[in-house]
Amino acid sequence: MVAKTIRERVLTEDLSDPIGVTAIEYRIKVSKVLRGKASRELTVRSENNSTRFPMDVGVSYLLMLNRDLNGKLFVDNCGNSGTLSDRKAERRALEEPVANAKRRPNHSLEPTRVGKPPLAAQLQR
């Protein structure tokens, strides 16, 4: 989707966190849905860990969203998400119709595990 960040809220849910910031919730206004369905405004959560996707208020983004196991939306920081000005080619590719191809259902907003250690870390255990 293409969306603009309209508000952010810093969350301090874990008082034992040394920085005090657990996550940031961004309120985004959707201007164009490229795949799937979405409301005109959504809240996206960015955990304060290696999966974070920081956004600036007032900036437009190309966003690839997923849902965590609790059903909260988050940006796939390993994908093609980024500022709209930096992701022009990715947006064009998403907007091009696929000739003679059946569209597959969009499963991108189904729950996804977050914070799974990299394969190297798993092998060391």
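If you're wondering where the values come from, they're calculated on a predicted model, not measured in any experiment.
Under the 4.5 Å side-chain criterion, counting only non-hydrogen atoms from C-beta, V44 is in contact with L65. For the pair F74/N66, a side-chain contact is recorded, criterion being any heavy-atom separation below 4.5 Å from C-beta on. You'll find the side chain of Y26 stays beyond 4.5 Å of the side chain of R7, heavy atoms only. Using a 4.5 Å heavy-atom threshold, the side chains of L62 and L34 count as touching. With a 4.5 Å cut-off on side-chain heavy atoms, T5 and V57 count as touching.
Atoms CD1 and CG, on I28 and L42 in that order, are 5.0 Å from each other to the nearest 0.5 Å. Distance CG/L84 to NZ/K32: 10.5 Å, rounded to 0.5 Å. The structure places CE of M55 at 11.5 Å from OG of S60, a figure rounded to the nearest 0.5 Å. Note that CD1 of I24 and CG of N48 are 7.0 Å apart. Values are rounded to the nearest 0.5 Å. With rounding to the nearest 0.5 angstrom, the OH atom of Y61 is 7.0 Å from the OG1 atom of T83.
Remark: K29 does not engage E41 in a salt bridge, criterion side-chain N to carboxylate O under 4.0 Å. For R45 and E13, the salt-bridge test passes: some basic side-chain N is under 4.0 Å from an acidic carboxylate O.
In terms of modelled atom types and a separation under 3.5 Å, the side chain of N70 and the main chain of K72 share no donor-acceptor contact. In this structure, D68 contributes its side chain and G71 its backbone to a donor-acceptor pair below 3.5 Å. For R91 (side chain) and K88 (main-chain N/O), no donor-acceptor pair under 3.5 Å exists by modelled atom type. Looking at S81, its side chain does come within 3.5 Å of a backbone N or O of M64 through a donor-acceptor pair. Side chain of R87 to main chain of N80: a donor-acceptor pair is present (N/O by atom type, distance under 3.5 Å, no hydrogens or angles). The main-chain N or O of V2 is found under 3.5 Å from a side-chain atom of S31 such that the two form a donor-acceptor pair.
Looking at T43 and R27, their side chains do bring a donor and an acceptor atom within 3.5 Å of each other.
In this structure, I6 is not a member of the same hydrophobic cluster as L63, with clusters built from ILVMFWY side-chain heavy atoms closer than 4.5 Å. Residue L73 is grouped with residue V33 when hydrophobic side chains (ILVMFWY) are merged at heavy-atom distances under 4.5 angstrom, including chains of intermediate members.
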Exercise. Starting from the C-alpha separation in whole Å, work towards a yes-or-no answer on salt bridge (Lys or Arg N to Asp or Glu O under 4.0 Å) for R52 and E47.
Key: CA-CA 5 Å; R52 72 182 159 272; E47 297 291 330; over 6 Å; no
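For the pair S46 and P54, the tightest heavy-atom approach, listed with the atom from each and the gap, is OG-N, 4.3 Å.
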